[in-house]
Amino acid sequence: MTSFQWIAFAVLGISFAITLTLTVRRTLSPRVGLAWGLLWIAAAVAIARPELTGEVARVLGIGRGTDLVLYFAILAMVFGFFAVYVRMRRIERDLTIIVRELAIRSASHVDAGAAVNVDDGGGVGGGGKASRER
Amino acid sequence: MTSVVIPAYNEAEAIGAVVVELVARGHEVIVVDDGSRDGTAGVAMRHGAIVLRHVLNRGQGAALQTGIACALQRGAEEIVTFDSDGQHAAEDVDTLVAPLRAGRADVVLGSRFIGTTEGMPRRRKALLSAAVVFTRLASGVRVTDTHNGLRAFTRTAAAKLDIRLDRMAHASELLDEIVRHELRYEEVPVHVRYTDYSRRKGQSSFAALRILADYVLGRWMR
């Protein structure tokens, strides 16, 4: 094995272990964990047996194995960006809902505050109590 | 009762005069301060508005929806949306509300193109005309003006609105909402006055691209 393969296997092994741990701890959903796990295994296979990617590429009508890997990587990246974008939109939407809720709640506070101030001004001495009775 | 909802972002300079004029005409004024850093909320409150504060800037669409929710909660019968930079005329509020009261429409849209404008830059006119054509194609609503902040809704219509596009693209989204809920709408002529202030504070023409992208993506991902 080449030294590149040793390094790649080490990195992939650690990635796989992290994925496994996170999935067992339910930080990642089983589906997402499985997808990552398969990706690491596929990468390991492609690095261990580079000629395999060439064969798959030929079956798909793509010239070389490296091209296949490149196309796949680009697709995966586009998909990844899209997934992040969708999630970002959802977070932004939730953020707006929270900001709106806060705004509406504190508006009624301002109203209540104004009402109390008016009452205090009106009843000289013990105005607070009088306003409560009213 | 008619509630006038004004979304405002860093408008301390102009908001006072806008609020005073509306309050003087007997309207309830709800200003949604969209996370301003210039004391907009305080100025609006001193001039007699009910003020809601977004702790973070969420955009005009988000602020409108907040204001509408608050107006509904306070029992408004008609809800009018109004710009904060002084480009609209307070007396137009009555023109907008009239068709609602007469029961002819659920939504009334102000149009500067069947109405009058003052000091509108030619480039802005061209851009808005393009926006009108686009809107007719996208929403199928035959309007003469779009992205005009002056609109009026009955209580029932306003309760159906669900503005999800937080930023500027809500104007087109609103028209889609009219179609979706089969609301009866009418356009009335209004006066729009472009001042140095409103031109400085308003959207740059370049922003149209972002608005378009926002709208298309929002419609697709709704």
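Just so it is clear: chains get the letters A, B, ... in the order the sequence lines come, proteins before strands, and each one is counted from 1.
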How close do B:G218 and A:R89 get, counting heavy atoms only, and between which atoms? CA-NH2, 3.6 Å
Any chance CD of B:E182 has more than 12 other-residue heavy atoms, nucleotides or ligands included, within less than 6.0 Å? no
Greater than 12 external heavy atoms within 6.0 Å of A:F9's CZ: yes
Rounded to the nearest 0.5 Å, what's the gap from OG1 on A:T96 to NE2 on B:H54? Could you check? 7.5 Å
Tell me, side chain or backbone of A:E92 under 4.5 Å from chain B's heavy atoms, or both, or neither? both
Least distance between heavy atoms, B:A69 atom then A:I104 atom: CB-CD1, 3.8 Å
Checked B:D33, B:V55, B:T66 vs chain A; the most non-hydrogen pairs under 4.5 Å come from B:T66
Can you find a pair of side-chain heavy atoms, one from B:L52 and one from A:R100, that are under 4.5 Å apart? no
With A:T23, which residues qualify under side chain to side chain contact (heavy atoms under 4.5 Å, CB included), at least two apart? A:T19, A:L28
For B:L56 and A:V99 the tightest heavy-atom approach is O-CG1, 4.0 Å
